[in-house]
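We name chains A, B, ... by the order of the sequence lines, and we start the count at 1 in each one.
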2 protein chains.
Amino acid sequence: MRKGQGSVTDAAAWGASRIGMALPMVLATAQKFALAVEAAASIGELGDLIDAITREMGFRYFALAHHVDIARSAQPAIRIHNYPPEWEAYFDAEGLGRSDPVHRASHLRNLGFPWTMLGELIDLTRRDREIIARSKCVGLADGYTVPAHIPGESEGSCSFATAAGRTYRTEWLPLAQFVGAAAFAAARRLAGVRPIDSNRPHLSDRQRDCIYWAARGKSDWETSQILGIGHDTAIQHMKEARRRYGVINRTQLAIHALYDGALTFTDALKR
Amino acid sequence: MRKGQGSVTDAAAWGASRIGMALPMVLATAQKFALAVEAAASIGELGDLIDAITREMGFRYFALAHHVDIARSAQPAIRIHNYPPEWEAYFDAEGLGRSDPVHRASHLRNLGFPWTMLGELIDLTRRDREIIARSKCVGLADGYTVPAHIPGESEGSCSFATAAGRTYRTEWLPLAQFVGAAAFAAARRLAGVRPIDSNRPHLSDRQRDCIYWAARGKSDWETSQILGIGHDTAIQHMKEARRRYGVINRTQLAIHALYDGALTFTDALKR
DNA sequence: TGGCCATTCCCCAGAAATGGGGAGTTTCAA
DNA sequence: TTGAAACTCCCCATTTCTGGGGAATGGCCA
């Protein structure tokens with residue numbers, strides 16, 4: 001907490017001195033938020049920060065969550081929010097994690113969207129309309145949702161909502177895009193979703209080449225032809241790569257390489 | 001709790017905009033950009049818009065790389081950029097499909113990141129370091145990359161880079177997050193990406209069970225013991241799952257299952 | 001009822017992967 | 001100059017995967 005405050009103050013001083021004049025306040029706000037969430041040491045602290053900036057942006061509520069059915073899922077899932085308790089109870093009772101219309105719409109986008117656009121993004125079923133009506137009943141009037149997706153992880157989003165009778169100002173939505181993404185990233189860090197491992201194994205270029213082709217379904221022999229090396233050499237690279245990751249087969253090898261960024265899904269799914 | 005937020009509350013611009021005065025310029029810029037890209041009618045027009053705002057943000061170069069529907073349909077990928085031609089030539093010549101380190105790192109994040117953070121995000125091989133050195137040679141000094149992911153559909157990123165000898169202003173990075181996301185969304189719209197991929201193969205429960213254990217490195221025999229079924233049955237489930245995804249081995253099977261959410265890294269990397 | 005699907009089980013043969021060993025050259029940095 | 005790491009190649013034996021057949025059961029739905 002003290003630490004977080006210090007960062008905020010330092011950041012402001014640093015930003016101002018750097019450009020030598022008053023920074024546009026909204027950017028200063030965003031930057032301070034960025035530094036504060038990076039320094040946040042607990043989920044509770046993060047929640048406080050998001051709550052504060054939510055109000056700064058003219059919203060009343062926020063909800064940052066993985067789109068999973070918390071009751072049923074074995075996944076460790078993130079959920080931080082200040083929505084009304086009735087809504088959370090209803091949400092969990094109905095198992096809306098994956099079927100909530102706002103969540104479904106966010107699966108189609110990388111950019112944030114206002115809830116008024118829901119009807120254009122997805123087909124609203126009768127149940128969806130009930131869910132929306134219900135949300136208005138508990139005080140969630142209008143909102144804006146920022147998707148947060150990372151390949152291989154549960155989908156997520158960060159929503160901001162107004163209280164009944166209030167509207168938000170569209171001028172601030174660009175900032176909401178950043179705030180939502182930064183908040184999600186911080187939550188992910190604090191939840192240990194993909195901790196940065198300093199002992200991450202190092203692969204040689206050739207090892208990575210071989211994994212790349214293996215992930216695309218090539219046999220070691222095919223890889224050797226593609227790379228212009230001997231069959232045994234390709235096998236050797238795969239052996240050494242498995243040893244470094246401490247795994248026993250190429251499936252796990254590919255998954256580990258995907259997980260720590262040695263490979264991408266774009267690489268692996270190419271035809 | 002609002003502690004440490006005093007510095008935010010005194011935001012003069014916020015107060016001003018609430019009472020109807022002129023918007024802070026930077027927000028006006030962002031909003032104008034949002035409206036302009038939504039209205040853009042061609043890739044060329046979109047490129048011009050991104051170029052303009054790139055310079056406003058204190059960068060010199062941008063590159064929006066769009067990977068459309070990698071696995072299934074053969075839609076052309078979008079690449080819009082104003083990088084030096086030497087760089088594009090180098091990349092097309094040397095790339096050979098293996099993605100550059102910036103792209104790899106972007107697959108691990110939902111939030112933008114400065115290139116200086118690359119070494120923390122992923123393991124850099126010798127070749128990666130050469131690529132980075134090469135990029136500096138052609139004038140791409142430092143940069144910031146905004147990831148853009150949409151589940152099951154397309155992946156990409158939008159990067160902003162400074163010219164040699166220049167630095168960007170960190171105050172503008174929150175805006176870059178929005179600009180990158182909005183530009184990507186626009187590119188996606190202009191490329192005519194279909195909104196919903198409903199062609200995902202359906203897996204039976206048992207097939208998913210078998211893939212789950214296979215992704216964790218188990219042999220079919222081990223899986224059969226875990227699930228209490230016969231060895232041949234486990235083999236049969238894997239066969240059918242491969243057939244449905246149209247892949248030829250378990251490595252690709254696991255990758256596809258991860259990619260479309262039938263599995264997550266949390267599942268696959270459990271000890 | 002008949003068709004579809006999920007689930008279970010069985011056979012075979014060839015291809016591929018895995019684990020164990022060893023060894024030479026080059027490159028780069030200490 | 002020395003050493004570490006990368007890259008290359010080779011041998012062996014065993015396990016595992018893959019693709020090709022076929023078949024019985026039970027549930028669900030039109």
Side-chain angles (χ1 to χ4, degrees), chain A residues 199-257 262-263 268, chain B residues 94 96 98 101 119 123-134 199-257 262 268:
Chain A
N199 295 331
R200 168 210 295 146
H202 171 75
L203 293 178
S204 77
D205 284 318
R206 272 321 208 193
Q207 287 157 17
R208 203 150 69 71
D209 289 340
C210 289
I211 297 175
Y212 172 92
W213 290 108
R216 289 174 65 175
K218 304 301 183 191
S219 69
D220 289 339
W221 183 85
E222 289 171 310
T223 298
S224 73
Q225 298 303 299
I226 292 166
L227 297 179
I229 58 179
H231 185 189
D232 289 314
T233 306
I235 290 175
Q236 186 58 35
H237 287 312
M238 292 292 282
K239 271 185 197 175
E240 179 60 17
R242 282 198 304 273
R243 194 191 62 74
R244 292 191 184 183
Y245 273 112
V247 299
I248 58 164
N249 63 31
R250 59 180 50 213
T251 301
Q252 284 199 297
L253 184 55
I255 290 171
H256 277 80
L263 265 192
Chain B
E94 295 291 319
L96 301 173
R98 292 167 205 74
D123 176 59
L124 296 172
T125 65
R126 185 171 305 174
R127 191 195 295 143
D128 291 329
R129 293 179 204 284
E130 282 169 17
I131 291 172
I132 292 168
R134 188 68 174 255
N199 296 339
R200 285 188 206 179
H202 168 74
L203 294 178
S204 76
D205 290 337
R206 276 316 210 192
Q207 286 157 17
R208 196 174 302 105
D209 289 340
C210 290
I211 296 175
Y212 173 89
W213 290 107
R216 290 172 64 174
K218 305 299 183 190
S219 70
D220 288 340
W221 183 84
E222 290 171 308
T223 298
S224 73
Q225 297 304 298
I226 292 165
L227 298 178
I229 58 179
H231 185 190
D232 289 313
T233 307
I235 290 175
Q236 186 58 35
H237 287 315
M238 291 293 281
K239 271 185 198 176
E240 180 60 16
R242 282 198 304 275
R243 193 192 62 74
R244 292 191 184 183
Y245 273 112
V247 300
I248 60 164
N249 64 30
R250 59 181 49 213
T251 300
Q252 286 199 297
L253 184 55
I255 290 171
H256 278 78

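- Separating the CD1 atom of A:Ile235 from the P atom of C:dG21 is a distance of 16 Å, rounded to the nearest angstrom.
- When atom types are taken as modelled, the side chain of A:Glu240 and the backbone of A:His237 share no donor-acceptor pair closer than 3.5 angstrom.
- Across the protein-nucleic acid pair, B:Arg243 atom CZ and D:dG20 atom P stand 12 Å apart, rounded to whole Å.
- Of all the heavy atoms in B:Arg208 and B:Leu203, the pair that sits closest is NH2-O, 3.4 Å.
- Inter-residue side-chain proximity for A:Gln252 and A:Asn249 is flagged as met; some heavy-atom pair is nearer than 4.5 Å.
- Using a 4.0 Å cut-off on heavy atoms, the residues of residues 245-256 of chain A that approach DNA chain C are A:Ile248, A:Asn249, A:Arg250, listed by number.
- The NZ atom of A:Lys239 lies 14.0 Å from the CG atom of A:Leu253; values are rounded to the nearest 0.5 Å.
- Following rounding to the nearest Å, A:Asp220 (CG) and D:dT8 (P) show an atom-to-atom distance of 14 Å.
- Rounding to whole angstrom units, CD of residue B:Glu130 and P of C:dT27 are separated by 13 Å.
- For A:Ile211 and C:dA17, the CD1 to C1' distance is 15 Å, given to the nearest whole Å.
- Under the 4.5 Å side-chain criterion, counting only non-hydrogen atoms from C-beta, B:Leu124 is in contact with B:Ile132.
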Practice problem: For B:Arg126 and B:Glu130, run salt bridge (charged side-chain N to carboxylate O under 4.0 Å, His left out): C-alpha distance rounded to whole Å, both residues' side-chain angles, the deciding distance at 0.1 Å, then the answer. | Solution: CA-CA 6 Å; B:Arg126 185 171 305 174; B:Glu130 282 169 17; 5.9 Å; no
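- Using a cutoff of 4.0 Å between basic side-chain nitrogens and carboxylate oxygens, B:Arg127 and A:Asp209 are scored as salt-bridged.
- What separates CH2 of A:Trp213 from P of C:dA17 is a distance of 15 Å, to the nearest Å.
- When rounded to the nearest whole Å, the span between NZ of B:Lys218 and P of C:dA17 equals 21 Å.
- The CG atom of A:Asp209 sits 12 Å away from the C1' atom of D:dA6 (whole-angstrom rounding).
- Between A:Ser219 and B:Arg244, it is B:Arg244 whose nearest contact on DNA chain C lies nearer the 5' terminus.
- A donor and an acceptor atom, one from each side chain of B:Thr223 and B:Asp220, are nowhere located under 3.5 Å apart.
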Below 3.5 Å is the cut-off: list the nitrogen or oxygen pairs between protein and nucleotides 7-10 of chain C, distance only.
from: C:dT7; atom 1: OP2; to: B:Ser204; atom 2: OG; distance (Å): 2.3
from: C:dT8; atom 1: OP1; to: B:Arg206; atom 2: NE; distance (Å): 3.2
from: C:dT8; atom 1: OP1; to: B:Arg206; atom 2: NH2; distance (Å): 3.2
from: C:dT8; atom 1: OP2; to: B:Arg206; atom 2: NE; distance (Å): 3.2
from: C:dT8; atom 1: OP2; to: B:His237; atom 2: NE2; distance (Å): 2.9
from: C:dC9; atom 1: OP2; to: B:Gly230; atom 2: N; distance (Å): 2.3
from: C:dC9; atom 1: OP2; to: B:Thr233; atom 2: OG1; distance (Å): 2.8
from: C:dC9; atom 1: O5'; to: B:Thr233; atom 2: OG1; distance (Å): 3.4

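- Residue whose closest nucleotide on DNA chain C sits further toward the 5' end, between B:Arg126 and B:Leu203: B:Leu203.
- With hydrogens and angles disregarded, no donor-acceptor distance shorter than 3.5 Å links the side chain of B:Arg250 to the backbone of A:Thr251.
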